[in-house]
Amino acid sequence: MDRVFITRQIPPTGLEMLREACEVVVWEDELPPPRDVLMKEAAQSDGLISLLTDKIDAALMEQSPKLRVISNYAVGYDNIDVAAATARGIPVGNTPGVLTETCADHAFALMLAAATRIGEAERYVHAGKWQTWHPMLMLGQDVHNATLGIVGFGRIGQAVARRATGFGMRILYTGGSRAGDIAAELGAEQVDLETLLRESDFISLHIPLKPETTNLINADALRTMKKNAVLINTARGKVVDSAALYAALKAGDIAYAALDVTEPEPIKMDDPLLTLDNCLIVPHIASASFATRDRIGQIAAANMLAGLKGEPMLHCVNPEVQGK
Ligand code: DGY
């Protein structure tokens with residue numbers, strides 16, 4: 001029987017699927033397995049269900065000759081050295097699609113929360129500062145009819161755009177080379193990054209982390225944005241230069257940031273971003289609905305089971321190794 005190591009507890013449906021077919025070992029702790037444990041477990045396993053917190057690199061694969069399948073419980077897979085897996089003929093699965101709508105809901109929630117200063121307002125009430133209704137209290141920005149810039153027009157970016165049409169927003173986007181028809185349907189306009197940064201009131205990031213997207217939002221990009229701009233990041237922390245973001249928010253060069261992701265994760269408690277009222281930070285929960293996290297587990301399990309049988313995964317990021 002194949003042995004599968006899962007680096008954390010996952011929702012029940014996917015877990016059951018795996019237990020029916022494999023010997024399953026689950027790392028039950030709240031925190032990720034330490035490196036030495038991960039190495040030891042991987043070395044004994046045929047399959048590894050990993051999380052975005054687990055570094056699955058060439059060294060780990062090198063000392064795990066039995067390892068035939070890696071299935072990431074996430075759509076993003078920047079925690080995995082895919083080239084190293086491909087070189088060893090190991091298929092790597094991910095979970096696109098099932099989390100699209102939930103992540104888009106969350107990006108929109110962050111946008112509305114930042115625009116209307118929900119986090120600050122809640123802290124204000126809890127601190128007992130609410131004394132009266134005042135015409136100038138906690139003024140924010142309108143989302144309706146504003147311009148939304150979507151950086152990365154894949155599944156999630158498009159789902160955010162669909163929501164934005166209900167708010168009468170003008171929609172700009174970059175990327176999405178195959179999204180012309182959908183863009184036309186939504187009335188979204190493809191522009192270059194500089195135009196998007198210059199013209200948008202809200203900028204939402206939906207790009208994977210790659211060498212070319214690392215620090216894409218740097219001091220120059222932030223300088224290009226409007227003073228009232230709100231930056232929403234549900235992609236990966238490293239896409240934004242956080243020191244530059246802090247400087248821009250502090251100086252009022254942009255109005256607000258709402259971050260689901262940070263670099264590092266968790267954010268360090270002495271990170272200056274945490275001192276700012278105009279920076280809303282939540283702990284990487286954009287896909288965290290009960291239903292979606294269960295569906296992610298099902299896809300991760302299905303990918304694993306297919307990979308162990310030598311069959312094509314539902315979603316494989318290096319399909320060239322499948323069936324070899
Ligand atoms: C992913 O899947 O990549 C998200 O960041 C977590 O759901």
Side-chain angles (χ1 to χ4, degrees), residues 6-15 27 30-32 48-57 69-82 85 91-111 150-160 163 175 204-214 216-217 231-240 242 257-267 280-304 307 313-318:
I6 312 183
T7 63
R8 220 74 48 78
Q9 277 187 356
I10 61 170
T13 319
L15 192 56
W27 178 254
E30 195 66 18
L31 295 177
L48 184 61
I49 302 249
S50 50
L51 270 56
L52 48 88
T53 45
D54 307 312
K55 189 171 176 203
I56 311 298
D57 57 10
V69 183
I70 298 169
S71 171
N72 218 31
Y73 179 93
V75 60
Y77 49 89
D78 46 277
N79 57 309
I80 301 176
D81 185 339
V82 177
V92 176
N94 73 334
T95 66
V98 288
L99 44 73
T100 300
E101 300 300 330
T102 303
C103 289
D105 284 352
H106 194 81
F108 227 85
L110 288 178
M111 180 157 79
I150 300 178
V151 180
F153 206 60
R155 293 185 188 83
I156 302 175
Q158 291 168 24
V160 170
R163 285 154 179 76
S204 193
L205 306 177
H206 299 287
I207 38 177
L209 178 66
K210 295 183 173 172
E212 60 275 24
T213 60
T214 301
L216 181 76
I217 304 301
L231 176 70
I232 300 114
N233 190 6
T234 53
R236 286 292 183 263
K238 281 187 182 160
V239 169
V240 176
S242 55
L259 311 176
D260 178 50
V261 288
T262 59
E263 174 53 29
E265 289 183 6
I267 193 167
L280 173 69
I281 304 179
V282 295
H284 203 150
I285 51 170
S287 67
S289 74
F290 289 108
T292 289
R293 287 287 169 86
D294 195 54
R295 280 195 295 263
I296 295 174
Q298 292 177 48
I299 302 292
N303 283 342
M304 174 56 68
M313 292 176 163
L314 288 176
H315 300 285
C316 183
V317 303
N318 56 347

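Note that ligands are numbered from 1 as they come in the structure, with each ligand's atoms numbered from 1 the same way.
Across all their heavy atoms, T100 and R155 have their closest contact at CG2-O, 3.4 Å. Residue R293 comes nearest to I285 through the heavy atom pair NH2-CA, 4.2 Å, listed as atom of the first residue, atom of the second, then distance. Smallest separation of non-hydrogen atoms from V160 and F108: O-CE1, 3.8 Å.
Distances from ligand 1 to the non-hydrogen atoms of R236 include at least one value under 4.0 Å.
In this structure, atom 2 (O) of ligand 1 lies nearest to the protein heavy atom V75 N, 2.7 Å. Closest to atom 7 (O) of ligand 1 among all protein heavy atoms lies S287 OG, 2.7 Å.
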Worked check of side chain to side chain donor-acceptor pair (under 3.5 Å) between N79 and N72
CA-CA 9 Å; N79 57 309; N72 218 31; 3.0 Å; yes

Give the intermediate values and the outcome of side chain to side chain donor-acceptor pair (under 3.5 Å) for residues R295 and T13.
CA-CA 8 Å; R295 280 195 295 263; T13 319; over 6 Å; no

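Of all atoms in ligand 1, numbered sequentially from 1 with element shown, those under 4.0 Å from a heavy atom of H284 are 4 (C), 5 (O), 6 (C). Interface atoms of ligand 1 facing G76, defined by a heavy-atom separation under 4.0 Å, are 1 (C), 2 (O), 3 (O).
Although no hydrogens or angles enter the test, the distance criterion places no donor-acceptor pair under 3.5 Å between the side chain of Q298 and the main chain of G14.
Counting heavy atoms under 4.0 Å from ligand 1, residue L99 touches it through the side chain alone. Contacts between A74 and ligand 1, counted as non-hydrogen atom pairs separated by less than 4.0 Å, involve both the backbone and the side chain. Only the side chain of L52 comes within 4.0 Å of ligand 1, counting heavy atoms alone; its backbone N, CA, C and O stay farther away.
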